[in-house]
Amino acid sequence: MTTAVDLTDLDMWARGVPYGEFARLRQEAPVAWRPEAPPNSGFWSVHCYSDIITASRDVATFSSGRGISFEEPTDEDMAARRTIIDTDPPEHTKLRKIVSGSFTQRAVAVYQHFVEGLTEEVLDTGLAAGEFDFVDAVAKEVPIRVLARIMGLPGGDLDTFIDLGDRLIANTDPEITDVVWGRDDTDAYRRYPFRSPYGKQLWDLGREIVAERLRSPGDDLLSTLLRAEVDGDRLTETDLDNFFSILVIAGNETTRIAIAQGVLAFCEHPEQWDRLRADPGLLDTATEEVLRWTCPTHFMRRTATTDTELGGAHIRAGDKVVLWYVSGNRDSGEFDDPETFDIARSPNRHLSFGRGGPHLCLGAHVARLEVRIVLAALARRVAGFELAGPPRRIRSNFTNGLRELPVRARPA
Ligand code: HEM
């Protein structure tokens with residue numbers, strides 16, 4: 001087996017997702033050991049759909065407790081910044097129970113009219129120019145406002161949330177943050193989210209909002225967190241910091257990526273746009289296909305708790321195991337013609353929200369609602385999209401983010 005491509009080479013990811021390399025790896029090395037530059041210790045790279053599902057289901061063997069990124073934090077670092085996504089049952093089950101009621105399909109459906117109104121407003125301004133950066137004008141505007149509504153965040157802080165979220169999710173892109181993981185000495189920030197000083201800024205902002213909410217509680221998600229008890233105790237300040245930061249980060253960037261990368265997919269497959277416009281009955285399957293195709297979060301990492309076997313590989317206790325959802329989403333063992341963007345695809349059991357395990361994206365119904373409503377509104381208002389310049393990708397192997405998507409939109 002040749003190992004031509006280094007999946008930790010972020011400059012390569014900035015140019016594009018290595019779909020061809022993943023196709024080769026699925027064939028030749030479904031689960032492969034990959035060395036890493038110190039201080040990291042290397043990882044098992046898992047490429048096939050069925051192995052990803054197996055590992056996701058078996059949380060006793062494949063733990064989230066050492067974090068979900070390539071970073072190898074110490075116990076103290078982990079204790080300071082552990083969020084729900086970095087826990088295993090039974091702790092995970094308790095934390096999830098606090099918030100799950102706010103994210104069921106039924107609970108989320110109440111936001112439909114709000115999201116529709118917001119989307120029309122954003123499009124009134126965004127589409128007016130005819131030629132514009134879709135990320136800036138549309139994709140980044142909707143998710144943060146929906147999140148603000150659900151969590152009860154003050155409107156005046158939204159640009160700050162967007163900016164801090166960008167600097168954290170894209171902590172490997174020197175054009176987005178001045179404190180770059182893997183390049184700069186980040187030791188001083190190792191207890192903060194994403195090992196970044198901007199993680200601390202997000203916590204500080206969260207604490208101000210929490211203090212205000214304690215004075216006047218409401219029926220928003222933050223108030224739910226403040227009322228919550230686990231085993232008879234209220235959440236600690238550290239728990240609240242971390243719940244706040246994961247919700248703001250996970251709920252904002254990912255959905256923005258799905259919307260922006262979705263429009264890029266339609267720029268590249270104009271016949272699928274015509275098909276959607278001709279048949280709005282395809283909106284549900286189109287939403288799922290946009291999610292499969294764009295896979296906003298490329299991977300989740302697990303850590304083996306014991307010696308085990310996965311896809312023929314012998315994994316040792318303590319090894320890092322990286323589940324490449326972006327590769328599983330193109331696996332012909334699960335999807336017919338996986339390299340075809342087909343908005344009528346069904347079934348479509350994509351991995352973009354994870355699958356099979358307890359960490360399945362908490363916000364999946366919110367994200368689906370947003371993507372569906374934005375697609376529906378665009379399909380009514382835009383006859384066709386074309387690129388007005390090259391899209392610019394974020395330098396990251398974690399997120400499929402776009403910094404810029406210059407488009408021309410032909411009005412319907
Ligand atoms: C298209 C948009 C989104 C994508 C692609 C996405 C993707 C993911 C993925 C891959 C996971 C981890 C699953 C696993 O470990 O297997 C996850 C977990 C999570 N997501 Fe999302 N997400 C999106 C939107 C949202 C939204 C809108 C929210 C909140 C409002 C949210 C909140 C969370 C939280 C809190 C977790 C951790 C859940 C847990 O550990 O139990 N996400 N998401």
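Owing to the predicted nature of the structure, the values given are computational and were not obtained by experimental measurement. Whatever order the structure lists ligands and atoms in, that order sets their numbers, starting from 1.
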Looking only at protein heavy atoms, what sits closest to atom 38 (C) of ligand 1 is Arg96 NH1, 3.4 Å
Side-chain donor/acceptor of Glu334 to backbone N/O of Asn329, under 3.5 Å: no
Main chain of Ile315, side chain of Trp33: is a donor-acceptor contact present, judged purely on distance under 3.5 Å? no
Would you tell me which option among Phe353, Tyr325, Phe103 has the nearest heavy-atom contact to atom 30 (C) of ligand 1? Phe103
List every atom of ligand 1 that sits less than 4.0 Å from any heavy atom of Thr255, numbering the atoms from 1 in the order shown and giving each element. 1 (C), 2 (C), 24 (C), 27 (C)
Geometric N/O contact His359 with ligand 1, under 3.5 angstrom: yes
Of all the non-hydrogen atoms in the protein, which one sits nearest to atom 26 (C) of ligand 1, and at what distance? Gly251 CA, 3.3 Å
Just to be sure I'm reading this right: ignoring hydrogens, which of His365, Met300, Arg302 gets closest to atom 11 (C) of ligand 1? Compare them by their nearest heavy atoms. Met300
Does a donor on one side chain sit under 3.5 Å from an acceptor on the other, for Thr186 and Arg195? yes
Note: ligand 1 atoms sitting under 4.0 Å from heavy atoms of Pro296 are 5 (C)
Given the ring of Phe22, does Arg330 sit roughly above its face, with NZ or CZ under 6.0 Å from the centre of the six-membered ring and within 45° of the axis? no
Is it the case that Arg292 places NZ or CZ above or below the six-membered ring of Phe335, under 6.0 angstrom from the centre and within 45 degrees of the axis? yes
Strictly under 4.0 Å, does any heavy atom of Gly357 approach an atom of ligand 1? no
Suppose I only count heavy atoms of Leu147 and a 4.0 Å limit; which atoms of ligand 1 are within that range? 30 (C)
Quick one: does ligand 1 sit under 4.0 Å from the side chain of Leu323, the backbone, both or neither, non-hydrogen atoms only? neither
Please report whether ligand 1 has a polar contact with Arg355, defined as an N or O pair separated by less than 3.5 Å (distance criterion only). no
Tell me, which protein residue and heavy-atom name are nearest atom 34 (C) of ligand 1, and how many Å apart are they? Leu362 CB, 3.7 Å
Step through it carefully: locate the ring centre of Tyr325, locate the ring centre of Phe353, and say whether they are under 6.0 Å apart. no
Could you tell me if the side chain of Ile394 sits less than 4.5 Å from the side chain of Arg403, heavy atoms only? yes
Does Leu291 have a non-hydrogen atom less than 4.0 Å from ligand 1? yes
Which of the atoms in ligand 1, numbered in the order shown and given with their element, are less than 4.0 Å from a heavy-atom of Ala367? 1 (C), 2 (C), 24 (C)
Quick check: are there more than 12 heavy atoms from other residues, nucleotides or ligands sitting under 6.0 Å from CG of Asp124? yes
Ignoring hydrogens and geometry, is there a side-chain-to-backbone donor-acceptor pair from Asp88 to Ser64 under 3.5 Å? yes
If you take the centroid of each ring, where Trp contributes its six-membered ring, are Phe398 and Phe70 closer together than 6.0 Å? no
Arg183 atom CZ, neighbour heavy-atom count above 12 within 6.0 Å: yes
Tell me if the centroids of the rings in Trp203 and Tyr192 come within less than 6.0 Å of each other. yes
Numbering as shown, the atoms of ligand 1 that approach Ile84 to under 4.0 Å (heavy-atom distance): 39 (C), 40 (O), 41 (O)
Compute the minimum heavy-atom distance from His92 to ligand 1 and say whether it is under 4.0 Å. yes
Going by the closest heavy atom to atom 3 (C) of ligand 1, which one wins out of Asp86, Ile85, Thr254? Thr254
Counting heavy atoms only, which of Pro143, Ser352, Cys361 is nearest atom 10 (C) of ligand 1? Ser352
Residue and atom name of the nearest protein heavy atom (relative to atom 32 (C) of ligand 1), distance in Å to one decimal: Ala250 CB, 3.6 Å
